[in-house]
Amino acid sequence: MTVSDIAVSRAGAEVRRSLEAASPRYGEKAIKAFLFFCAALSVATTTAIVLSLLLPAISFFQEVPIVDFLTGTRWAPNFADAHFGALPILVGSMMIVGFALAVGIPVGLASAIYLSEYAPQRVRKFVKPALEMLAGIPTVAIGLFGFAFLIPLAQDELPFLPWEGTFSSAVAGVAVGLLIVPLIASVSDDAMRAVPHGLREGAYALGASKLKVSLRVVFPAAISGVVASIVLGMSRAVGETMVVLMMAGAGTRDLTFNPWGSVQTITAYIGSTATGDIATGTIQYDSIFAAGALLFVITFSVNMVAIRLARRFREAYE
Amino acid sequence: VATPESVPRTERTRLAVAGARAVTESMFVAPRDRSRNTMFLALLLFGLGIALTGLVAIFVWTLIEAWPRLDLDLFTNGPSTLRPETAGFHTAILGSLYIIAGVIALIVPLGVGAAVYLEEFADKTRWWNRLIEVNIQNLAAVPSIVFGILGLGFIVRGPVSIGFVPAAASLTIALLVLPTVILAAREAIRAVPPSIREGALALGATQWRAISRQVLPAATPGILTGVILAVSRAIGEAAPLLLVGAVTFATFDPSYFESGYTTLPTLVYNYSTRPQEELRTLAAAGAILILVFVLVMNSFAIWLRNRFEQRW
């Protein structure tokens, strides 16, 4: 209301009965529309991802039956005698995930239990940022370290194993495991710290030792958060590209379970093939998108599970 | 009745609990349990030790490997496989900086805008707002290479079709890190107490004025921390760049809208795939450049968080 409005209403003329602003506030509405556009952009991004995967994937599946794609055991898109069975790269990805979890779960959970139950405030203040730093290391740096240091080291220290060449899917999986440790540790740590102190103190009052409290009280109470952290770590390991490309190679065509040699994963195939010089419209080009669609479906469903689980533990104690 | 949560856990209550626990433990816990406790703690420390050893080993090994090549040629010379002993990352550093500049210009307005909308305007009972929220959480966990495919199929070619240029890389990486920026900015905005915006509104400010003059300034340190962490992630990201044209062995300075550019992480990858020993040293030197950048950015973010953390 402006001064003149007040003067008019005092004079007994028409009294404004609405609390609406006197002006329509077009500027305010335009800003709100822009803010909504920013938020809606994320949905547009997902739609664009789905479309950019789906359209070439459809033309791919017109030439390669989807059953052959999912059950074929030879992946050789760039050869004259081309084969498009995705099982070898799917198994490759699963192997990397298996090794990564074998390292990531024990190390990550040990760090999380220590940080949430045992660590004094001073140690926590130093370890938390250190783990964040580990999470921030670029994957090319980890890949280089793994390829030029870890694999030769493992080959020197364990000469009795049947190593093949300069790649190893097992060591690559270990490096990916190191990569997902901070993720598992920080999400599990948050879940365990959300467990009310009353539960711990009740158990202590009943004479439980710290080990019992950690493993029998806090850990079960935080289990959905812990599982969510593992599922998130899994999705990160499936999607990891550079470490796998540099340490496990990208040349294997046939189904293999060999941890001491090279193995090709979905991500490594995409990363090594789609380097720009490949012609559009060919089936090789479309196969990148079919592999990408497979990867997207896997990670998307895994992520949905993780989001559900994480929400459940948040509801319980806040 | 005071619940345990409502009592502040001061240092004194913590000490009291620890003391009472020690007494109960000494009376009721069997010695066998006590040795198990020690073993369990040793196991936990061993696990944490592996993680920290890995962290230190990566830095130390890369530094030792890169040591012979940490010189000024890295900044002034372009890539070369013929003269690896003087080759450098000049064009790659420029390419990375161009891309990062574009990323920052995109993620700051878009990320803060989305966060403001979700925290201040969105009606959580509407399905589209819940969809946006779940969607952002899910996008944050989509593998980076999938964003590379989006960049290739939608930005480089397809509807946008700007070709294999640094601008396409900026767009791709911006979309990749946007969810993390939004999540961080939302946390920061949520931490501003409602009384501040209510005070502004009560004094007659419009909603946008209350946000732009009161809420956003108070949330700036938190938002800035999120943006810095996103930039530090963006500089090291290699996988999506492989798909949007950054593998070119560019020996000339990049131009933002012309194809033929390379970046630090992709050039490190490129060098590391070659057999010559000198090129591996060079790759390690490039990795050191990225690591130093990431280290500086992360330390700055941690400092910022501790320095400006406000308790209302």
Side-chain angles (χ1 to χ4, degrees), chain A residues 28 31-32 34-36 38-39 41-43 45-46 48-49 52-53 106-107 110-111 113-114 118 129-130 133-134 136-138 140-142 144-145 147-149 178 181 196-198 201 204 207 209-211 232 235 239 241-242 246 267 270-271 274-276 280 289 292 295-296 299 303 307, chain B residues 4-5 17 21 24-25 28-29 33 36-37 40 44 47-48 50-52 54-55 58 61-62 110 113-114 116-118 121 132 135-139 141-143 145-146 149-150 152-154 164 175 206 208 232 236 238-239 242-243 245 247 265 268-269 272 280 283 287 290-291 294 298 302:
Chain A
E28 197 86 353
I31 287 168
K32 197 179 164 184
F34 170 73
L35 296 177
F36 178 73
C38 294
L41 192 68
S42 77
V43 180
T45 308
T46 309
I49 288 177
S52 63
L53 287 173
V107 174
S111 309
I113 295 176
Y114 177 75
Y118 286 84
M133 205 66 94
L134 181 59
I137 292 185
V140 271
I142 299 182
L144 182 66
F145 169 75
F147 172 70
F149 177 75
L178 193 63
V181 162
H197 286 287
E201 282 147 20
Y204 286 141
S209 62
K210 203 150 193 184
L211 162 67
L232 279 177
S235 133
T241 306
M242 295 316 291
M246 290 163 90
T267 51
I270 299 171
T275 45
T280 38
F289 294 84
L295 178 69
F296 185 69
T299 51
N303 292 341
I307 291 174
Chain B
E5 276 75 24
V17 169
R21 187 172 56 75
T24 351
E25 225 176 58
F28 296 108
V29 177
D33 265 18
R36 268 193 203 159
N37 268 335
F40 182 61
L44 294 185
L48 185 62
I50 291 181
L52 296 182
L55 173 71
I58 291 171
W61 177 85
T62 314
L110 291 177
V116 168
Y117 176 78
L118 288 172
F121 292 99
I132 291 175
N135 185 58
I136 289 173
Q137 280 180 15
N138 211 321
L139 268 187
V142 166
I145 189 112
V146 171
I149 295 182
L150 169 73
L152 176 65
F154 215 81
F164 293 103
L175 289 178
T206 65
W208 171 244
S232 126
L242 293 179
L243 274 72
V247 277
V268 167
Y269 166 65
S272 75
R280 183 175 297 172
I290 308 175
L291 281 173
V294 169
N298 280 28
I302 291 169

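Naming convention: chains lettered A, B, ... in sequence-line order (proteins, then strands); numbering from 1 in each chain. In this text the structure is predicted, and so the values were computed from the model without any measurement.
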### Message
If you count heavy-atom pairs within less than 4.5 Å of chain B, which of A:L41, A:T267, A:I137 leads?
### Response
A:I137
### Query
Between A:L232, A:L53, A:I142, A:V43, which has the largest tally of heavy atom pairs under 4.5 Å with chain B?
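If we count pairs closer than 4.5 Å to chain B, A:V43 comes out on top.
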Side chain, backbone, both or neither: which part of [X] has a non-hydrogen atom closer than 4.5 Å to chain B?
X	result
A:L178	side chain
A:V181	side chain
A:L144	both
A:L295	side chain
A:Y118	side chain
A:L134	both
A:F36	both

Is [X] close to chain A through its backbone or its side chain, or both, or neither, when contacts mean heavy atoms under 4.5 Å?
X	value
B:A114	both
B:L55	both
B:L139	side chain
B:I58	both
B:I149	both

### Query
Between B:L291, B:L52, B:I302, which residue shows the highest count of heavy-atom pairs closer than 4.5 Å to chain A?
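Option with the greatest count: B:L291.
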### Task
Look at B:N135, B:T206, B:L48 and state which one has the largest set of heavy-atom pairs under 4.5 Å with chain A.
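Of the candidates given, the most pairs with chain A belong to B:N135.
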### Task
Taking side-chain contact (heavy atoms from CB on, under 4.5 Å) as the test, write out the residues that go with B:S232, two or more places apart.
B:V294, B:M297, B:N298
For [X] against [Y], the heavy-atom pair lying closest together:
X	Y	result
B:A238	A:V140	CB-CG1, 3.9 Å
B:F154	A:S52	CD1-CB, 4.0 Å
A:N303	A:S235	OD1-OG, 2.9 Å
A:A110	B:G47	CB-CA, 4.1 Å
B:V142	A:F296	CG2-CE1, 4.0 Å

### Query
Parallel, tilted or perpendicular for A:F145 and B:W61, by the 30°/60° rule?
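Rings of A:F145 and B:W61: perpendicular, over 60°.
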### Whether A:S209 side chain and A:G207 backbone form a donor-acceptor pair below 3.5 Å
no
#### Entry: Partners meeting ring pair (Phe, Tyr, Trp, His ring centres under 6.0 Å) with A:F289 (sequence neighbours left out)
A:Y285
### Query
Any side-chain heavy atom of B:N138 sitting closer than 4.5 Å to one from A:T46?
no
